[in-house]
Amino acid sequence: MKEKKYEFTYTVYDDISELPEEDQWLLNEAREVTSNAYAPYSNFQVGAVARMANGEIVAGSNQENASFPVGLCAERVLLASISSLFPKVPIDKIAVSYKSEHQISDHPISPCGICRQSLQEFESRVKKPVQLILGGMTGPVYVIDSASRLLPLAFTSEELR
Ligand code: THU
């Protein structure tokens, strides 16, 4: 018998102003894109914006539905757009932000379990890590070097070969 330990390191910035300028811009775009969310049921609006390896910028926001399970998170809306527009281009980084009628947006949120699975598959498909920049409208910002770090022991395409 042996025990294994999983740990990862991520960076916490006290404020957006501590980020490199390019990343500040991306996070501010994510903040703006929250306004494109269709979230009348949760009133929780999420924006996700990617900087692609080819320099393109692609945005996504959560899109809900009266049939609740039909709704999609901003991250998966974004990944679906990217895979349709630029199927083979790696993503350098994704910034995610949110606003809500019910709480102050002063801390980062991190992707839900389904989105972690989608991000993991994207990374392994294009063989390049996706950096995540997570922040609210104000407050600290988390930078994670690879989205897959959020999904240890993931179920992957390797199992289906
Ligand atoms: N949501 C996202 O879009 N991304 C996340 O990382 C967490 C949750 C959405 C799903 C739903 O429309 C709303 O936020 C409330 O869960």
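Only a predicted model underlies this, so the values are computations on that prediction, with no experimental measurement involved. One-based numbering, in listed order, for ligands and for the atoms of each. Along the sequence shown, residues carry numbers from 1.
Within the structure, ligand 1 lacks Cys115 among the residues with a heavy atom less than 4.0 angstrom away.
Among protein heavy atoms, atom 9 (C) of ligand 1 sits closest to Asn62 ND2, 3.5 Å. Among all protein heavy atoms, the one lying closest to atom 12 (O) of ligand 1 is Glu64 OE2, 2.5 Å. Atom 6 (O) of ligand 1 has Glu75 OE2, 2.7 Å as its closest protein atom, hydrogens excluded (heavy atom only).
If you check the side chains of Gln63 and Ser61, you find a donor sitting under 3.5 Å from an acceptor. Counting only N and O atoms by type, the side chains of Asp15 and Ser17 include a donor and acceptor under 3.5 Å apart. Side-chain polar atoms of Arg125 and Ser83 form a donor-acceptor pair below 3.5 angstrom. Donor-acceptor pairing under 3.5 Å is recorded for the side chains of Ser148 and Glu123.
At a heavy-atom cutoff of 4.0 Å, ligand 1 is contacted by both the backbone and the side chain of Cys73.
Remark: Phe155 CZ is packed, more than 12 non-hydrogen atoms of other residues, nucleotides or ligands lying under 6.0 Å away.
For ligand 1, the atoms closer than 4.0 angstrom to any heavy atom of Ser42 are 13 (C), 15 (C). Atom numbering of ligand 1 starts at 1 in the shown order; those under 4.0 Å from a heavy atom of Pro111 are 6 (O).
The shortest N or O to N or O distance between Ala74 and ligand 1 is under 3.5 Å.
One hydrophobic cluster, built from ILVMFWY side chains closer than 4.5 Å, holds both Val89 and Leu119. With hydrophobic clusters built from ILVMFWY side chains whose heavy atoms lie under 4.5 angstrom apart, Val70 does not share a cluster with Val77.
Inside a 4.0 Å radius of atom 3 (O) of ligand 1 there is at least one protein heavy atom.
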